[in-house]
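Heads up, the thing below is written out as structure tokens.
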Amino acid sequence: QVYLAESGGDSVQAGESLRLSCTTSEYTYPGDPINCMGWFRQAPGAEREAVGSINSDGRTILADSVKDRFTIAKDDAKNILYLQMNSLKPEDTGRYYCAADRNIYLCRPDHRIFTYWGQGTQVTVSS
């Protein structure tokens, strides 16, 4: 089982920055490590939207809407996934979720490949 807990959400003004964290607790078995994690967001009344993903080698894929402003990183020693968000816009408002899974052949920001999800953290950006 994998437990994910997001933190760092807040209400900010447009142009400001936030860093979200996702702490991972897992019980792993040899040959069955987490090798793909992702960030997703959902605004009220909207569908869930992919923000980006990171694989075990640290390779990231970011959505076009955020790739010039957001970065994804991970600290394997601490089991923490980060989402650094700069130059925030009102349209970035939403609940942000991290996700994870094991043995993913092609890590990508596609919600269908992830089994484990956190409860989310709210980000509100005012103009």
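FYI, the numbering just counts along the sequence from 1. If you're wondering where the values come from, they're calculated on a predicted model, not measured in any experiment.
Under a 4.5 Å side-chain heavy-atom cut-off, the cluster of Ile, Leu, Val, Met, Phe, Trp and Tyr residues that includes Ile104 is completed by Phe40, Tyr97, Ile113, Phe114, Trp117. The hydrophobic cluster around Tyr105 extends to Leu106, counting ILVMFWY residues whose side-chain heavy atoms fall within less than 4.5 Å of a member.
Distance check, rounded to the nearest 0.5 Å: SG of Cys98 to CD of Glu6 gives 4.0 Å. If you take CG on Asn79 and CE on Met37, they are separated by 8.5 Å, rounding to the nearest 0.5 Å. Expressed to the nearest 0.5 Å, how far OG1 of Thr115 lies from CG of Asp101 amounts to 3.5 Å.
Hydrophobic clustering (ILVMFWY, side-chain heavy atoms < 4.5 Å, transitive): Tyr82 and Ile34 are in distinct clusters.
Remark: Tyr116 engages no residue in a ring-ring contact (aromatic ring centres under 6.0 Å, His included) (not counting sequence neighbours). By the ring-ring contact (aromatic ring centres under 6.0 Å, His included) test, Phe70 is found to be paired with no residue, residues two or more places apart in sequence or in another chain being considered.
Taking every heavy atom of both residues into account, Cys22 and Leu4 meet most closely at SG-CB, 4.0 Å. Pairing each heavy atom of Ala50 with each of Ala63, the nearest pair is O-CB, 3.5 Å. Annotation for Gly8 and Leu18: closest pair O-CD2, 3.8 Å, computed over non-hydrogen atoms. Smallest separation of non-hydrogen atoms from Gln119 and Arg95: O-NE, 3.0 Å. Shown here for Gly38 and Leu81, the closest heavy-atom pair between the two residues is O-CD2, 4.1 Å. Taking each heavy atom of Ser17 and Gln84 in turn, the nearest pair found is CB-NE2, 4.0 Å.
Pairs passing the salt bridge (charged side-chain N to carboxylate O under 4.0 Å, His left out) check and including a residue from residues 46-59, sequence neighbours excluded, read Arg41-Glu49. For residues 76-87, the salt bridge (charged side-chain N to carboxylate O under 4.0 Å, His left out) pairs, not counting sequence neighbours, are Lys74-Asp76.
The side-chain heavy atoms of Ile72 and Leu62, taken from C-beta on, include a pair separated by under 4.5 Å. Within the 4.5 Å cutoff, no side-chain heavy atoms of Lys67 are placed close to those of Ile61.
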Worked check of side-chain contact (heavy atoms from CB on, under 4.5 Å) between Val123 and Met85: CA-CA 10 Å; Val123 173; Met85 305 186 294; 3.9 Å; yes
From CA spacing to verdict: side-chain contact (heavy atoms from CB on, under 4.5 Å), Gln13, Leu88: CA-CA 8 Å; Gln13 296 292 316; Leu88 282 161; over 6 Å; no
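Of the possible polar contacts, none joining the Thr121 side chain to the Tyr96 backbone as a donor-acceptor pair under 3.5 Å is found.
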